[in-house]
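To start, the structure under review is shown below, and the notes come after it.
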Amino acid sequence: MTEPRDQSVQLSKATAGRTYQVCQNVCSESMSQKLTLMGLGLGMMIELIALYKHGAVVKTPFGNIAVGSDLINSISVSLI
């Protein structure tokens, strides 16, 4: 029997203080490219530092960044 895999959740539903892998986004191609440059591309490892109603602060390989509420609902992550 295999272990169940972690389900993905929207970044807005993730728990602060945990490390996640970005597994999906529902953005336009140009926005996906911008997210990749910011360190939020598919497959990237991020740590959710803080979650607010209006956005979140995440730690990426490129440093800490603020993410707006529109994007935290567009990005799906899975716990690693």
Side-chain angles (χ1 to χ4, degrees):
M1 214 153 119
T2 61
E3 282 186 35
R5 299 190 84 183
D6 288 327
Q7 298 275 335
S8 64
V9 296
Q10 290 179 331
L11 187 56
S12 61
K13 305 286 189 233
T15 304
R18 292 190 153 177
T19 302
Y20 295 92
Q21 182 175 19
V22 178
C23 60
Q24 182 181 13
N25 67 45
V26 288
C27 303
S28 66
E29 182 65 30
S30 63
M31 181 57 74
S32 291
Q33 291 174 352
K34 290 176 186 175
L35 289 173
T36 299
L37 292 174
M38 293 181 350
L40 289 170
L42 298 179
M44 298 295 288
M45 306 304 256
I46 62 169
E47 180 183 344
L48 181 58
I49 296 174
L51 185 62
Y52 306 102
K53 286 183 186 178
H54 60 276
V57 177
V58 296
K59 181 177 183 179
T60 72
F62 305 110
N64 296 353
I65 59 169
V67 181
S69 60
D70 55 338
L71 289 177
I72 63 172
N73 291 315
S74 302
I75 298 171
S76 294
V77 294
S78 59
L79 192 60
I80 54 166

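Position 1 is the first residue of the sequence, and the numbers go up from there. It should be emphasised that the depicted structure is a prediction, and the values quoted were computed from it without experimental measurement.
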Got a second to check how far Gln7's CD is from Ser76's OG, nearest 0.5 Å? 11.0 Å

ring-ring contact (aromatic ring centres under 6.0 Å, His included): pairs with one or both residues in residues 25-61, sequence neighbours excluded: Tyr52-His54

With a 4.5 Å cut-off on side-chain heavy-atom distances among I, L, V, M, F, W and Y, is there a chain of contacts connecting Val22 to Ile49? no

Side-chain donor/acceptor pairs under 3.5 Å, residues 56-75, sequence neighbours excluded:
from  : atom 1 : to    : atom 2 : distance (Å)
Thr60 : OG1    : Phe62 : N      : 3.1
Thr60 : OG1    : Gly63 : N      : 3.4
Thr60 : OG1    : Gly63 : O      : 2.8
Asn73 : OD1    : Ser12 : OG     : 2.8
Asn73 : ND2    : Ser69 : O      : 3.1
Ser74 : OG     : Asp70 : O      : 2.9

In the single-linkage hydrophobic clustering (I, L, V, M, F, W, Y; side-chain heavy atoms under 4.5 Å), do Leu51 and Leu79 co-cluster? yes

Joint cluster assignment, Ile46 & Val26, ILVMFWY side-chain distance < 4.5 Å: no

Here the gap from Tyr20 atom OH to Glu47 atom CD, rounded to the nearest 0.5 Å, amounts to 10.0 Å

Which atom pairs, donor and acceptor, lie under 3.5 Å between side-chain atoms of residues 32-41 and protein residues at least two apart or in another chain?
from  : atom 1 : to    : atom 2 : distance (Å)
Ser32 : OG     : Asn25 : OD1    : 3.1
Ser32 : OG     : Ser28 : O      : 3.2
Thr36 : OG1    : Ser32 : O      : 3.0

Test item: Leu48 and Val77 side chains (from C-beta on) under 4.5 Å apart, heavy atoms: no

